2 protein chains.
Amino acid sequence: MKANNSIIQLLLKGLSLSKSEIEITEPLFQKVFYEKGALLLRTNDIVNYQYYTLEGCLRSFYLDKYGKEHTLQFAIRDWWISDYTGFFSDSKAILNIEVIEDAILYRISKENKERLYSKIPKIESFFRKKLENAFAAFQKRILANISQTATERYLNFINTYPDIEKSVKNYHIASYLGITTESLSRIRKEISMS
Amino acid sequence: MKANNSIIQLLLKGLSLSKSEIEITEPLFQKVFYEKGALLLRTNDIVNYQYYTLEGCLRSFYLDKYGKEHTLQFAIRDWWISDYTGFFSDSKAILNIEVIEDAILYRISKENKERLYSKIPKIESFFRKKLENAFAAFQKRILANISQTATERYLNFINTYPDIEKSVKNYHIASYLGITTESLSRIRKEISMS
DNA sequence: TTAGAAAATTGATGTATGATAATAAAGTCT
DNA sequence: AGACTTTATTATCATACATCAATTTTCTAA
């Protein structure tokens, strides 16, 4: 692909890169396809990649000791996803990542990302800012979890992520909110009646 | 203070800086003292600073619409604290930051931090790594909130942060765990009997 | 188009945690 | 030490959400 029409400009949107910088960057990303149901990552795997979602829908979830799934994050178009704990600290995966809708992704390895940071420092700034935003979102999520009722969290979720709601099952949303699918069903009924 | 014995080497521990880099860095931090009970930040304030705790204990908390406090983070010796959502995105504070034990802090402003990043890129890497670790900790906290019982979260807290437990009241811990102080009291009783 | 599978809902009942109020214990100040 | 304040505990009752089991609705694929 020609540098002046590179996918990189989508992945690193907002960053203005020279033609030569794009040529350095582009080969460090790999385009990959996955079908619905595929598992990109399993607990205890080495976390090699961070993924950019071009199309489709993914989710990361934690499998607890009782075999229950707890969704940490969804990713739709233009979202990044990984098991960041493992990706950042070179420890093994705590999470699983599952494809919810057939997906076209770009992935970058840890090593290539560090390489990119040292070659093009403004890419480090770019990802730092992404991380700052994700951090802020996590902070809000923690506060919501400890201060709001399930109903409030659900309303907040569908307002904040209307596009995600379309792509995922209610039981995924329930597991994201930290409640059972039965409870979510009752909450939805309550809301529809009021 | 002489560069070869600078407080900066404590704040930026793990980073090896030249004498001249330390001389650039040091004036951008300000040493400040606060007494127990002081509020460093209130909801809706502009978030100007990030704080490094040299001594004492702080906490950040969210005040909900019912007037209840929900602790997001504690900070003791060698921890950084701020309202990162506001600090990173130039939005107003969601959190309050309160001094729990008389504190000696070093603070840096947003502007000076950005200045530092552009002058000394490895400081950007240093803070990026700090942020990555904090992000991973938040991720674990979210998973704990949606997958564990209050008892499990309490046991996990006192194991992970034994030093913090010494400095804070039980009602602070309860508000961090997302439960009432009465529930925590019952949990503690259960634990002591088993 | 219909059969089977997957997802969502509903009902009955259980349990962890919340709310309120009272009391006890620990800390602080003169 | 004694008085007062702050913090922690206990008891009773209320409630949000979980669990288990059954049923209905929606989706999918031959």
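Keep in mind that this is a model prediction, so the values were computed, not measured. Within every chain, numbering begins at 1; the chains are lettered A, B, ... in the order of the sequence lines, protein sequences first and strands thereafter. Worth knowing before you read on, the calculation uses all heavy atoms, side chains too, and leaves out hydrogens, waters and symmetry mates.
The OH atom of A/Tyr154 sits 19 Å away from the P atom of D/dA16 (whole-angstrom rounding). If you take CD1 of A/Ile179 and P of D/dT19, they are 12 Å apart, rounded to a whole angstrom. Distance CZ (B/Arg153) to P (C/dA16): 14 Å, rounded to an integer number of Å. Per the geometry, CD1 belonging to A/Ile187 stands 9 Å off C1' belonging to D/dA16, to the nearest Å. Distance CD (A/Glu101) to P (D/dC27): 14 Å, rounded to an integer number of Å. Nucleotide C/dT17 holds its C1' atom 13 Å from the CG atom of B/Leu177, rounded to whole Å. Put simply, CD on A/Gln148 is 19 Å from P on C/dT17, counting in whole angstrom units. Taking atom NZ of B/Lys36 as the reference point, atom P of D/dT6 lies 10 Å away to the nearest angstrom.
A/Arg186 comes within 4.0 angstrom of a nucleotide base, judged by non-hydrogen atoms across all strands.
Set against C/dT17, C/dA7, C/dT9, the side chain of A/Ser185 has C/dT9 as its closest nucleotide. Side-chain proximity of B/Arg188 to C/dA7, D/dT9, C/dA19: nearest is D/dT9. Side-chain proximity of B/Thr180 to D/dT10, C/dG18, D/dA18: nearest is C/dG18. Picking from D/dT19, D/dT9, C/dT9 the nucleotide with the shortest atom distance to the side chain of A/Lys68 gives D/dT19.
In this structure, the ring of A/Tyr161 has its center no less than 6.0 angstrom from the ring center of A/Phe74.
Taking the nucleotide of DNA chain D with the nearest heavy atom to each of A/Ala150 and A/Glu182, the more 5' of the two is matched to A/Ala150. Nearest-nucleotide mapping onto DNA chain D: of B/Lys169 and B/Ser183, the residue sitting toward the 5' end is B/Lys169.
A cation-pi arrangement is present between B/Arg141 and B/Tyr176, with the terminal nitrogen or guanidinium carbon under 6.0 Å from the aromatic centre and inside a 45° cone about the axis.
In this structure, B/Trp80 and B/Phe127 have perpendicular ring planes: the angle between them is above 60°, well past the 30° mark.
Transitive grouping of hydrophobic side chains (ILVMFWY, heavy atoms separated by less than 4.5 Å) brings B/Leu177 and B/Ile191 into a common cluster.
The ring-ring contact (aromatic ring centres under 6.0 Å, His included) check on A/Phe33 picks up nothing, with sequence neighbours excluded.
Contact between the side-chain N/O atoms of A/Asn170 and the OP1/OP2 oxygens of C/dA7 is not found at any separation under 4.0 Å.
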